[in-house]
Amino acid sequence: MKDTHKHQGLRNQLAKILEEKGITDKNVLTAIANVPRHLFMDSGFVDFAYQDKAFPIAADQTISQPYTVAFQTELLQVKPAHEILEIGTGSGYQTAVLIEMDAKVYTIERQNELFKKTKLFLPKIGYKPKKMIFGDGYKGLIENAPFDGIIVTAGAPFVPNALLAQLKIGGRLVIPIGDDLQTMTLFIRTSEKDFEKHELGKFRFVPMLKKRN
Ligand code: SAH
């Protein structure tokens, strides 16, 4: 599978649609217009890659809807060289969007099948995360903390304290909280002990799970 002018055209259209839906951060829109989403999808779905929809990937997981990726990324307020922790590597699409924005990305996946696949795939198309880990996102990544931003891309039943504790002062945690339907929640660390909390609408994610497999 190659990247072509046709794909580039579809991506530009997708970025325009996301702008119409309310995404304003130009760097996010540029990243969406640059990352070849069709390469992250199983071949049967390639024709749909630039629709604003979630799609199945391996291990019963999904590649998030582009709008959701853009919405979460915008909330992170990524700046070049920011240290960002992602929970739920999945296809690696969100990881690639963050790397496009010159973030240093640490990403954790708890499904070995996806972890192995994406660990090989991302560098092959030129995206090199700082670290890719097969592990439990509830724990965060203490050895590389604190982070400028933490993004959770699975529905969390509650806010893991470890993730709040691993934010820099001024750092942002973007996490969808809830069981069937999640509330997108932004925590901003304002001091050692204090966090601002903002709730930003309803989304639907695959669940963040405890057990590894
Ligand atoms: N960011 C991904 C979204 C994948 S869906 C993308 O752009 O494709 C969410 C992912 O979170 C799944 O791959 C799932 O296996 C993973 N996940 C679920 N629970 C997790 C946990 N406790 N720790 C790390 N990853 C988890």
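Quick caveat: nothing in here was measured; it's all calculated off a predicted structure. These numbers come from the heavy atoms of this one structure, side chains and all, not from hydrogens, waters or symmetry mates. Ligands are counted one by one from 1 in listed order, and the atoms in each one are counted from 1 as well.
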Under 3.5 Å, side chain of Q166 to main-chain N/O of K139, donor-acceptor pair present?
yes
Run the numbers for me: atoms of ligand 1, each under 4.0 Å from some heavy atom of S64, listed by number.
3 (C)
Taking I169's backbone N and O only, do any of them form a donor-acceptor pair with R189's side chain (distance below 3.5 Å, no angle check)?
no
When you measure from atom 6 (C) of ligand 1 to every protein heavy atom, which one gives the shortest distance, and what is it?
S91 OG, 3.5 Å
Contacting atoms of ligand 1, where contact means under 4.0 angstrom from a heavy atom of D136:
22 (N), 23 (N)
Contact region, R110 to ligand 1, non-hydrogen atoms below 4.0 Å, reads both
Checking heavy atoms under 4.0 Å, the part of E86 that sits near ligand 1 is side chain
Answer yes or no for T89: is there a heavy-atom contact with ligand 1 below 4.0 Å?
yes
Whether F147 and Y106 hold their rings parallel, tilted or perpendicular, with breakpoints at 30° and 60°:
perpendicular
For ligand 1 and V206, I'd like to know whether there is a polar contact (N/O to N/O, distance under 3.5 Å).
no
Parallel, tilted or perpendicular: rings of H38 and H7 (30°, 60°):
parallel
Atom 7 (O) of ligand 1: closest protein heavy atom, distance to 0.1 Å, is Q94 N, 3.2 Å
For atom 5 (S) of ligand 1, the protein heavy atom that lies nearest, with its residue and separation:
T62 O, 3.2 Å
Subset of ligand 1 atoms that lie under 4.0 Å from at least one heavy atom of I108:
24 (C), 25 (N)
Using 4.0 Å as the upper bound for N to carboxylate O, is an ion pair formed by D42 and K117?
yes
Around atom 22 (N) of ligand 1, find the nearest protein heavy atom and jot down its residue, atom name and distance.
L209 O, 2.8 Å
Can you tell me how far apart CG (D3) and CD1 (I125) are? Round to the nearest 0.5 Å.
9.0 Å
For ligand 1, which atoms sit closer than 4.0 Å to a heavy atom of G90?
4 (C), 13 (O)
For I87, counting its heavy atoms only, list the atoms of ligand 1 lying under 4.0 Å from any of them.
23 (N), 24 (C)
Tell me: protein heavy atom nearest atom 9 (C) of ligand 1, and distance?
T153 O, 3.3 Å
Taking the ring centre of each residue, are Y138 and F158 less than 6.0 Å apart?
yes
Are any of the side-chain heavy atoms of V159 and T185 separated by less than 4.5 Å?
no
Can you find a side-chain donor-acceptor pair between E199 and T183 that sits under 3.5 Å?
no
State whether K26 and E19 are salt-bridged, where the test is any N-O pair (Lys NZ or Arg NE/NH1/NH2 against Asp/Glu carboxylate O) under 4.0 Å.
yes
Considering non-hydrogen atoms of the protein only, which is the closest contact for atom 12 (C) of ligand 1, and what is the distance?
Q61 OE1, 3.3 Å
Protein heavy atom at shortest distance from atom 10 (C) of ligand 1:
G88 CA, 3.7 Å
Numbered in order shown, the ligand 1 atoms found under 4.0 Å of a heavy atom of Y93 are 7 (O)
Taking the six-membered ring for Trp and the full ring for Phe, Tyr or His, determine whether the centres of F121 and F40 are under 6.0 Å apart.
yes
Considering distance alone, does some N or O of Y138 sit under 3.5 Å from an N or O of ligand 1?
no
Ligand 1-proximal atoms of L114, by part, heavy-atom distance under 4.0 Å:
side chain
How far is atom 23 (N) of ligand 1 from the closest protein heavy atom, and which atom is that?
G137 N, 2.8 Å
Report yes if some heavy atom in the side chain of R172 is under 4.5 Å from a heavy atom in the side chain of I188; otherwise report no.
yes
